[in-house]
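The structure appears right after this line, and notes come after that.
Below, all heavy atoms of this structure are taken into account, side chains as well, without hydrogens, waters or symmetry copies.
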Amino acid sequence: MTPALPLAARLRAVLEACARRGGLLLALGIFAGLLVPPLASATRDVVTPVVACLMTLVLLRVDFAQVLGWLRRPGLVAALLGWLLVCCPLIAWGVAGLVGLHGSLAAALVIMAAGCAATSAPAFARMVGLDGEVSLVVSLLSTLLVPFTAPPIALGLLGVDLSLSVGALSARLALVVGLPLVLSLGLRRILGGAVLERWGRAVDGAVVLLVVLYGFGVMDGVLAWLLREPGFVLGATALAFAGAFGLNALTAAAFWPAGKRFALSAGLLSGNRNMALFLAVLPASTDARVLLFFALCQFPLFLSPGLLRPLYEPITDDSSRGCCGLRGGPDLRDDPQGLSVRRIR
């Protein structure tokens with residue numbers, strides 16, 4: 001008989017299996033949150049702690065040498081931030097007017113395009129074999145800048161007061177960014193590189209499970225809307241997909257001259273915005289249809305790894321360097337330990 005595996009080995013095997021099936025689990029998770037309202041209601045209040053835990057694990061998996069490398073090249077990062085936070089909402093506003101989209105959905109689309117990159121962006125980038133490091137840099141910087149960019153854009157283009165409090169947002173950032181950074185640095189020091197290397201793929205699996213748990217919570221109340229106004233919800237969902245993948249494609253095309261891997265990473269950042277931030281800070285008087293649209297934006301976010309990875313694979317398999325002399329981020333499929341360390345050359 002084969003001896004039973006120790007508990008730690010069995011846990012690692014389960015988590016590694018979750019990492020390999022990340023796209024499928026994310027898709028199942030978002031639909032479970034939609035179709036099982038008690039599950040969504042029970043997990044609604046744990047969204048912020050889950051995001052903090054998620055960021056801690058993401059920070060365990062990034063290569064800080066490459067993060068610093070991107071910070072030493074501010075020009076390209078600044079250009080991407082300007083594109084994400086200023087150009088994208090202007091483009092969304094123009095397209096909405098061009099196609100005759102008005103009212104709450106037009107406002108929601110523009111506000112979505114004005115949002116910062118999703119906190120989970122580095123994890124999603126790793127799932128599809130793109131650059132987790134540049135995703136981390138841009139997601140954090142865009143989150144810091146969005147209180148100064150989104151309110152004037154929404155007010156100027158739509159007459160909507162987003163009421164984003166810099167103080168309230170700073171407190172949230174301390175929880176979902178500052179605390180995870182301290183924890184991740186402490187865990188790196190305690191565990192050491194060898195342990196993190198052995199458990200790297202398992203950490204990726206834990207990230208998948210945390211994102212699934214987050215997806216349960218943000219679906220709270222969506223099924224009731226679907227049963228009450230199916231036409232509106234389906235149309236808004238289609239708009240969410242069009243907005244997310246449209247911004248993705250447009251951003252990738254705009255930054256293609258900077259390198260294929262960087263362009264695809266930029267596109268993924270642009271298509272996956274942090275709607276949870278708006279849901280957390282917008283006042284109760286906000287149009288309910290706008291808030292519903294933000295929840296529906298989770299569908300393209302959660303389905304993007306499974307839908308986009310087949311498109312990215314021919315490019316991410318290419319071992320050529322990205323822009324600025326940086327090698328591309330690790331491809332988890334080709335790295336069984338999930339800990340390919342990319343050095344600046």
| Contact list for residues 22-45, test salt bridge (charged side-chain N to carboxylate O under 4.0 Å, His left out), sequence neighbours left out | R44-D220

| Joint cluster assignment, W199 & I190, ILVMFWY side-chain distance < 4.5 Å | no

| message | So, taking the atom named CG in L130 and the one named CZ in R309, what distance separates them when rounded to the nearest 0.5 Å? | response | 8.5 Å

| note | So SG of C88 and CZ of R273: to nearest 0.5 Å the spacing works out to 5.0 Å

| message | Could you list the cluster mates of L28? Members are the ILVMFWY residues connected by side-chain heavy atoms closer than 4.5 Å, either directly or through other members. | response | L24

| said: Please list all pairs meeting salt bridge (charged side-chain N to carboxylate O under 4.0 Å, His left out) that have one or both residues in residues 221-248, counting only residues at least two apart or in different chains. | reply: E229-R289

| query | How far does CZ of F216 sit from OG1 of T43, to the nearest 0.5 angstrom? | reply | 7.0 Å

| query | Considering residues at least two apart in sequence or located in another chain, which fulfil the side-chain hydrogen bond (donor to acceptor under 3.5 Å, both in side chains) criterion with W225? | reply | none

| Taking the inter-plane angle between the rings of F31 and F299 on a 0 to 90° scale, is it parallel (under 30°), tilted (30 to 60°) or perpendicular (over 60°)? | tilted

| query | About how many Å separate CG of L105 and CG of L239, when rounded to the nearest 0.5 Å? | reply | 6.0 Å

| message | Let me confirm one number: the OG-CD1 distance from S104 to I111, rounded to the nearest 0.5 Å. | response | 10.0 Å

| message | Are L35 and V233 connected into the same hydrophobic cluster when the rule is that any two of I, L, V, M, F, W, Y join if their side-chain heavy atoms are below 4.5 Å apart? | response | yes

| Separation between CZ of R201 and CZ of R12, rounded to the nearest 0.5 Å | 12.5 Å

| task | Please list all pairs passing the side chain to side chain donor-acceptor pair (under 3.5 Å) test where one or both residues lie in residues 235-258, with sequence neighbours left out. | result | W83-T251, N248-Y312, T251-S270

| Which salt bridge (charged side-chain N to carboxylate O under 4.0 Å, His left out) pairs, counting each pair once, include a residue from residues 235-247, with sequence neighbours left out? | none

| Going hydrophobic residue to hydrophobic residue with side-chain gaps under 4.5 angstrom, can you get from L98 over to L250? | no

